[in-house]
Amino acid sequence: MSEIDLNGKKALVTGGSQGIGAGICRKLAACGADVVINYYRSKEKAALLASEIKAEFGVHAWVCYANVARSSDVADMFAFMDGKTGGIDILVNNAGAETISHVLDMTEKEWDMVMDINLKGPWLCAQHAGRRMEATGGGVIVNISSIHDVVPRKGLVHYCASKAGLKMLTKCLSLELVDKNIRVVSVAPGAIYTEMNREEISEFGEEKFKSWIPSGNIGDVEDIANAVAFLASNLSSYIHGADLYIDGGYMNNTIQYDPRPPRKNGSNSQGQRLS
Ligand code: NAP
């Protein structure tokens, strides 16, 4: 495979201040893209990342405040980007949030917060980006979903529903925008080391956590960032509306519930060989 080349591309990464988003900003910049790093609460982390990226990769990097759940903030963020870059080639809808609550205790505020950040935000950003990409001849939108867009999990009713919505948003956007030369795809991580799950990993114990994952390890932000860079590049130009699950095999994992190992001699359940 040839090198991923994003030279001259202009990218916006929502929630780029830390975790997976920060990893994506770094990788896109390493491939040559200028990056707008969106932050909500973590202004200092975003500013530090921008200066590191500029020094390390020699590209332009800016930071921009926005709560992606608020339409006026999103409009201001895209106006900021217009002023700095004059357009957008790559949008990564990465900003996300969760709370962990039993469905019977979950509040309307929690539900709205998670749905607004994880689902409404990507729609708002895609609308602004899509209009600009149409005007300049095309682009790529990568939505950061989760294995929980298809795998249900206790305590995450709102999160799972929001990511399932994001999976379908990806497919519908892809269908509607393909004739404008805009590709829309999603990347769905399993367990990745970030602030979002640091507490849970230590609560259950790292070894226990790893035992749920066939590859035996928790992913790094680079595992996600590498895939995003590929999907943002022309190397993936025939990939439309697809979901890429990056989870160390977690979604294949029936080990917890079905410990039966494969047989060495290829026999059936009655111990008979069929050939
Ligand atoms: P994280 O470390 O908690 O970072 C979340 C990011 O989202 C932060 O940069 C935060 O920005 C931003 N954010 C939150 N609310 C926002 C808002 N209203 N407006 C703008 N930005 C906002 O989480 P992460 O693990 O990197 O998660 C990144 C994405 O990957 C999320 O969509 C998450 O659902 C998904 N994901 C993560 C995992 C995992 O194992 N880590 C697994 C599956 C999916 P500020 O800090 O500036 O507020």
Side-chain angles (χ1 to χ4, degrees), residues 12-27 35-50 63-78 80 91-100 109-110 112-125 142-151 153 156 158-167 169-170 186-201 204 206 209-210 212-213 217-225 227-228 243-248 250-251:
L12 166 63
V13 181
T14 69
S17 53
Q18 62 173 17
I20 291 172
I24 293 169
C25 289
R26 278 189 169 284
K27 183 66 189 181
V35 188
V36 173
I37 303 165
N38 158 245
Y39 70 91
Y40 178 34
R41 291 152 302 193
S42 306
K43 184 179 183 178
E44 283 171 18
K45 282 185 190 170
L48 181 63
L49 178 64
V63 301
C64 183
Y65 166 85
N67 173 359
V68 296
R70 200 180 298 141
S71 58
S72 56
D73 279 9
V74 173
D76 290 348
M77 175 168 67
F78 277 88
F80 171 89
L91 166 66
V92 184
N93 277 315
N94 164 79
E98 66 178 27
T99 59
I100 301 179
K109 197 173 165 199
E110 278 177 272
D112 285 347
M113 189 268 288
V114 168
M115 293 301 281
D116 286 354
I117 295 171
N118 295 359
L119 185 54
K120 183 176 154 191
W123 165 67
L124 286 170
C125 291
V142 184
N143 293 326
I144 306 301
S145 183
S146 163
I147 55 168
H148 296 300
D149 66 10
V150 288
V151 178
R153 216 197 104 182
L156 287 181
H158 49 359
Y159 183 83
C160 294
S162 72
K163 294 296 189 180
L166 186 57
K167 181 183 172 79
L169 181 72
T170 301
S186 90
V187 168
I192 307 295
Y193 278 114
T194 67
E195 283 307 314
M196 184 172 267
N197 57 25
R198 195 175 305 281
E199 203 181 306
E200 276 210 301
I201 292 171
F204 286 97
E206 197 163 317
F209 218 89
K210 286 177 179 172
W212 301 333
I213 305 169
N217 64 311
I218 295 168
D220 294 314
V221 296
E222 289 77 17
D223 293 316
I224 306 306
V228 171
D243 314 303
L244 178 56
Y245 292 90
I246 303 177
D247 65 353
Y250 179 92
M251 287 171 68

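Bear in mind that the values here come from a model prediction, so they are computed numbers and not experimental data. Counting starts at 1 for both ligands and their atoms, in listed order.
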When distances are taken from atom 16 (C) of ligand 1, the protein heavy atom at minimum range is Tyr40 CD2, 3.6 Å
Residue portion contacting ligand 1 (non-hydrogen atoms closer than 4.0 Å) for Val68: both
Heavy-atom contact check, 4.0 Å cutoff: does Gly190 meet ligand 1? yes
Atoms in ligand 1 flagged as close to Asn67, the criterion being non-hydrogen separation under 4.0 Å: 17 (C), 18 (N), 19 (N)
Starting from atom 29 (C) of ligand 1, locate the nearest protein heavy atom and write down its residue, its atom name and how far away it is, to 0.1 Å. Asn94 O, 3.1 Å
Assign the ring pair Tyr65 / Tyr39 to parallel, tilted or perpendicular, where the plane angle (0 to 90°) is split at 30° and 60°. perpendicular
Examine the proximity of ligand 1 to Ala97 and report which part, side chain or backbone, both or neither, has a heavy atom under 4.0 Å away. neither
One finds that the ligand 1 atoms under 4.0 Å from a non-hydrogen atom of Gly96 are 5 (C), 7 (O), 14 (C), 31 (C), 32 (O)
Run the side-chain hydrogen bond (donor to acceptor under 3.5 Å, both in side chains) check on Asp243 and Ser186 step by step: do they pass? CA-CA 5 Å; Asp243 314 303; Ser186 90; 3.0 Å; yes
Measuring from the heavy atoms of Tyr159, does anything fall under 4.0 Å of ligand 1? yes
Contact between Glu98 and Asn118 at the side-chain level, heavy atoms closer than 4.5 Å - yes or no? no
So which atom in Ala50 and which in Val63 form the shortest heavy-atom distance, rounded to 0.1 Å? CB-CG1, 3.8 Å
Is ligand 1 under 4.0 Å from a heavy atom in the side chain of Ile20, in the backbone, in both, or in neither? both
Which segment of Lys163 sits under 4.0 Å of ligand 1 when only heavy atoms are counted: side chain
Return the residue, atom name and 0.1 Å-rounded distance of the protein heavy atom closest to atom 14 (C) of ligand 1. Arg41 NH2, 3.4 Å
